Amino acid sequence: RVEGPLLGNSAAVRALREMIDRYAATTEPLLLTGPYGGGHEAVARAIHHASSRSRNAFLHLNCTLVPVGHDLGLLEGTSGENPRPSLWELAHRGTLYLEEVQRLPPEVQERLAGFLAGETTCDVRLIAYSSTAPLVPRDFHPKLLARLEVRQLRVPPIAERSDDIGELALFYVQQHTRRVGSVAQGISETSMDRLRNYRWPGGIQELQSLMERAVSSATGP
């Protein structure tokens, strides 16, 4: 999920890398936007690793997995005989990445907004991602939306990075050939033109999957 998405030399990805460096120097909450499959987790991790928090935890929660009435240990740990800290506590002095943050239950969003306002002693950098564009107020608790909409970074889909397709495709071909122990000499110009002209509705994951299938089904080098 995180190897490859930031490769390339297109204007879009160069601007993205510049913004990563810029936001790595801050500790304020950041909202990533853009179509799903653009490499948002890779961007969040790059910001974390370029920041002063890089030696501490980077925790990732997919909020689509949080059932109604629960927070999956996001804000509250467990008590009892074998107590466990919350994810927020585990991310102290590190980064917490919330994928599809708008899918959190409203009551959890409200408490998260309170944590961002200083209602906790934990020092956590929050990076969130929402595929909703533009942001839909009904999906967010007003207090959380007010915190997140201040700083937004749009991650461009690979459909806007046609100049990077060749480098990305070769990267995934080489990655998969090493994994399965096969050999690939490259990608033909005809196939490369097709890759550049395709719109990639499934994003970078679709490109990676296609390259892996191409390697697996190849009968020659």
Side-chain angles (χ1 to χ4, degrees), residues 1-65 74 87-88 90-103 112 116 122-133 135 147-176 178-179 200 202-209 211-212:
R1 296 192 305 271
V2 297
E3 289 187 16
L6 299 179
L7 293 176
N9 198 41
S10 66
V13 79
R14 282 189 278 112
L16 179 61
R17 288 195 290 257
E18 289 177 3
M19 295 303 292
I20 287 173
D21 290 339
R22 172 182 172 183
Y23 283 115
T26 73
T27 60
E28 299 299 323
L30 175 64
L31 178 65
L32 304 180
T33 62
Y36 189 79
H40 300 84
E41 184 184 351
V43 171
R45 287 182 181 274
I47 292 172
H48 171 76
H49 289 302
S51 75
S52 59
R53 298 171 180 264
S54 61
R55 292 182 178 274
N56 298 307
F58 177 95
L59 300 182
H60 173 195
L61 175 65
N62 185 340
C63 298
T64 63
L65 303 178
L74 170 60
L87 289 181
W88 192 263
L90 289 172
H92 181 53
R93 296 182 180 174
T95 301
L96 180 61
Y97 173 57
L98 299 181
E99 181 179 346
E100 299 290 17
V101 64
Q102 80 280 359
R103 298 289 296 274
L112 178 60
L116 294 175
C122 293
D123 173 19
V124 178
R125 167 71 182 279
L126 177 69
I127 301 178
Y129 165 63
S130 173
S131 59
T132 304
L135 298 180
R147 290 281 172 182
L148 293 180
E149 66 182 354
V150 177
R151 296 169 191 83
Q152 299 183 38
L153 173 58
R154 180 179 181 271
V155 179
I158 61 169
E160 298 176 9
R161 299 172 50 189
S162 59
D163 291 345
D164 299 330
I165 293 295
E167 185 172 351
L168 289 167
L170 284 170
F171 172 81
Y172 289 123
V173 165
Q174 293 164 357
Q175 182 186 62
H176 194 57
R178 287 195 300 269
R179 184 181 300 134
W200 301 108
I204 289 178
Q205 292 178 359
E206 182 181 7
L207 173 62
Q208 181 178 2
S209 178
M211 294 299 97
E212 290 179 358

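From a predicted model like this one, the values you see are computed outputs, not experimental measurements.
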Quick one: side-chain contact (heavy atoms from CB on, under 4.5 Å) partners of [X], sequence neighbours excluded?
X    : value
D163 : S10
T26  : Y23, R125
A44  : L32, F58, Y97, I127
L7   : E167, L168, F171

- Item | Residue pair I204, Y172: steps toward the side-chain contact (heavy atoms from CB on, under 4.5 Å) verdict | CA-CA 10 Å; I204 289 178; Y172 289 123; 3.2 Å; yes
Looking at every non-hydrogen atom in both residues, tell me the closest pair between [X] and [Y] and how far apart they are.
X    : Y    : answer
A24  : I47  : CB-O, 3.6 Å
W88  : L112 : CZ3-CD1, 3.6 Å
G8   : D164 : CA-OD1, 3.3 Å
L59  : L87  : CD1-O, 3.5 Å
V101 : C63  : CA-SG, 4.0 Å

- Task: Sequence neighbours left out, what passes salt bridge (Lys or Arg N to Asp or Glu O under 4.0 Å) with R103? Give chain and number order.
- Result: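 So R103 forms no salt bridge (Lys or Arg N to Asp or Glu O under 4.0 Å) with any residue.
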- Query: Does E99 have any salt bridge (Lys or Arg N to Asp or Glu O under 4.0 Å) partners at least two apart in sequence or in another chain, and if so, which?
  - Reply: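 In terms of salt bridge (Lys or Arg N to Asp or Glu O under 4.0 Å), with neighbours along the sequence ignored, E99 is linked to no residue.
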Rounded to the nearest 0.5 Å, how far apart are [atom1] of [X] and [atom2] of [Y]?
X    : Y    : atom1 : atom2 : value
E149 : L135 : CD    : CG    : 7.0 Å
Q175 : L170 : CD    : CG    : 12.5 Å
L96  : C122 : CG    : SG    : 11.0 Å
S209 : H176 : OG    : NE2   : 9.5 Å

Could you check if a side-chain atom of [X] sits within less than 4.5 angstrom of a side-chain atom of [Y], using non-hydrogen atoms only?
X    : Y    : result
L207 : W200 : yes
T33  : L153 : no
N9   : R14  : yes
I20  : L6   : yes
V13  : P156 : no
L30  : L126 : no

- Task: Flag the pair R22 and E18 as a salt bridge only when some basic side-chain nitrogen lies within less than 4.0 angstrom of an acidic carboxylate oxygen.
- Result: no
- Message: Going by side chain to side chain donor-acceptor pair (under 3.5 Å), D123 matches just one of R93, H92, R53. Which one?
- Response: R53
Considering residues at least two apart in sequence or located in another chain, which fulfil the side-chain hydrogen bond (donor to acceptor under 3.5 Å, both in side chains) criterion with [X]?
X    : value
R55  : none
H48  : T95
E160 : R154
R147 : none

- V124 and L116: side-chain contact (heavy atoms from CB on, under 4.5 Å), yes or no, with the steps? CA-CA 9 Å; V124 178; L116 294 175; over 6 Å; no
- Message: Distance alone, cut at 3.5 Å: any donor-acceptor contact between the side chains of E100 and Q102?
- Response: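 Checked: E100/Q102 side chains pair up, N/O donor to acceptor below 3.5 Å.
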- Does any N or O in the side chain of Y129 come within less than 3.5 Å of the main-chain N or O of Y36, such that one atom is a donor and the other an acceptor? yes
